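Okay, so here's the structure we're looking at.
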Amino acid sequence: MTEGLWARYGFLGLLRLFGDVLYTRLVHRGARIVRRPAYIRGARHIRLGAGFTAGVGLRIDAFPTTPGTVVDIGADVQVNDYVHIAAINHITIGDGTLIASKVFITDHNHGSYQDHDRQSAPDVPPALRPLASRPVWIGRNVWIGEHVCIMPGVMIGDGAIIGASAVVTNDIPANCIAVGAPARVIRRFDPTTTGWLRPEFLVPSPADAIEAHA
């Protein structure tokens with residue numbers, strides 16, 4: 001075991017690893033490892049599930065508008081380098097989810113951009129525009145690719161895969177692959193064939209057929 005670690009990390013890498021493990025045990029109890037540097041603000045409003053693993057440069061900003069937990073991360077979640085999570089409302093990430101590097105997840109915008117919204121007009125500096133928020137929910141066993149942006153109000157179902165550089169502005173159903181900006185579904189898992197099929201080739205389930213003819 002020690003020889004394997006030595007071959008993988010080297011002397012300086014092992015020193016850093018042991019330091020990161022100690023930091024995690026002292027500051028983020030229950031997590032597997034949070035590699036430094038980590039920039040976590042509003043820690044009392046964040047719940048990290050058992051077995052949480054984070055790469056370098058993790059940034060979590062939790063500034064709730066009402067008391068309570070605003071970032072709720074489930075068990076065995078893994079996030080890679082330079083992931084940024086920003087919450088003032090609520091962001092939930094389900095068990096077993098894997099997040100690649102340089103992913104941005106937010107539940108709020110600077111400005112609401114609705115009809116007759118003078119406070120969000122272009123001549124108002126963005127930092128002075130009122131914050132508008134909607135909760136984000138990410139299910140279990142979701143895989144989020146590199147450079148993905150997940151925007152306010154989005155729900156991503158269990159088992160979904162979000163392709164690299166996607167911008168998720170609308171809900172993504174469970175067991176689907178979504179890509180693009182804005183993200184759209186290109187594949188859906190079919191439990192009958194145990195394959196990832198394009199939506200037009202899926203055979204409707206009995207429940208779908210009943211709903212279609214209701």
Side-chain angles (χ1 to χ4, degrees), residues 32 46-55 58-60 69-109 112-113 132-214:
R32 177 175 172 268
I46 300 167
R47 188 187 75 85
L48 300 180
F52 176 74
T53 299
L58 172 67
R59 177 180 170 186
I60 303 179
T69 300
V70 294
V71 176
D72 193 349
I73 298 177
D76 301 317
V77 170
Q78 298 183 52
V79 305
N80 283 280
D81 299 344
Y82 303 106
V83 169
H84 182 193
I85 300 170
I88 65 171
N89 187 320
H90 201 87
I91 293 176
T92 300
I93 300 175
D95 298 348
T97 287
L98 175 63
I99 301 177
S101 299
K102 300 177 181 176
V103 168
F104 178 51
I105 304 171
T106 184
D107 67 359
H108 62 282
N109 279 318
S112 60
Y113 307 104
S133 67
R134 290 184 295 158
V136 170
W137 185 87
I138 299 170
R140 297 172 297 170
N141 301 329
V142 174
W143 177 20
I144 299 171
E146 199 102 351
H147 292 280
V148 167
C149 292
I150 297 176
M151 306 309 290
V154 162
M155 295 183 66
I156 298 176
D158 295 347
I161 298 171
I162 310 299
S165 299
V167 179
V168 185
T169 58
N170 293 297
D171 294 350
I172 304 297
N175 308 320
C176 288
I177 300 174
V179 301
R184 61 184 181 84
V185 172
I186 61 166
R187 290 283 192 279
R188 189 187 301 267
F189 184 75
D190 181 12
T192 304
T193 63
T194 64
W196 294 89
L197 305 179
R198 291 198 296 271
E200 60 266 30
F201 292 116
L202 283 171
V203 177
S205 68
D208 292 337
I210 292 171
E211 184 177 344
H213 291 88

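Because the structure is a prediction, the values reported are computed rather than measured.
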I would like to know whether Arg187 and Ile161 meet side chain to side chain contact (heavy atoms under 4.5 Å, CB included); could you show each step before the answer? CA-CA 9 Å; Arg187 290 283 192 279; Ile161 298 171; over 6 Å; no

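- Among pairs with a residue in residues 156-172, those fulfilling side-chain hydrogen bond (donor to acceptor under 3.5 Å, both in side chains) read Arg140-Asp158, at least two apart in sequence or across chains.
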Distance-only donor-acceptor hits, side chain of residues 94-106, under 3.5 Å, sequence neighbours excluded:
unit_1, atom_1, unit_2, atom_2, d
Asp95, OD1, Ala75, N, 2.8
Thr97, OG1, Gly94, O, 3.2
Thr97, OG1, Gly139, O, 2.9
Thr97, OG1, Val142, N, 3.3
Ser101, OG, Asp81, N, 3.2
Thr106, OG1, His108, N, 3.2
Thr106, OG1, His108, O, 3.1
Thr106, OG1, His108, ND1, 3.4

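- A donor-acceptor pair shorter than 3.5 Å cannot be found between the side chains of Asp72 and Thr69.
- Considering CD1 of Ile138 and CD1 of Ile172, their distance stands at 11.5 Å, rounded to 0.5 Å.
- Nearest heavy-atom pair, Gly74 versus Arg47, reported as atom, atom and distance to 0.1 Å: CA-NH2, 3.9 Å.
- The structure places CZ of Arg134 at 12.0 Å from CE of Met155, a figure rounded to the nearest 0.5 Å.
- A side-chain hydrogen bond (donor to acceptor under 3.5 Å, both in side chains) check over residues 173-185, counting only residues at least two apart or in different chains, returns nothing.
- Counting heavy atoms from C-beta outward, Ile93 and Ile85 have side chains that approach closer than 4.5 Å.
- Residues Asn80 and Glu146 fail the side-chain proximity criterion, which asks for heavy atoms closer than 4.5 Å.
- In this structure the side chain of Thr92 never reaches within 4.5 angstrom of the side chain of Pro135, judged on heavy atoms.
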Let's go through Val168 and Ile144 carefully: what are the C-alpha distance in whole Å and the side-chain angles of both, what is the deciding distance for side chain to side chain contact (heavy atoms under 4.5 Å, CB included) to 0.1 Å, and is it a yes or a no? CA-CA 11 Å; Val168 185; Ile144 299 171; over 6 Å; no

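- At distances below 3.5 Å, at least one donor-acceptor pair connects side-chain atoms of Asp107 with backbone N or O atoms of Asn89.
- Atoms OG1 and CZ, on Thr194 and Phe189 in that order, are 5.5 Å from each other to the nearest 0.5 Å.
- Side-chain contact between Val70 and Ile91 is absent, with no heavy atoms from C-beta onward closer than 4.5 Å.
- The minimum heavy-atom distance between Val148 and Gly163, with the atom names listed, is CG2-O, 3.2 Å.
- Considering all non-hydrogen atoms of both residues, Pro173 and Ala160 come closest at O-CB, 3.9 Å.
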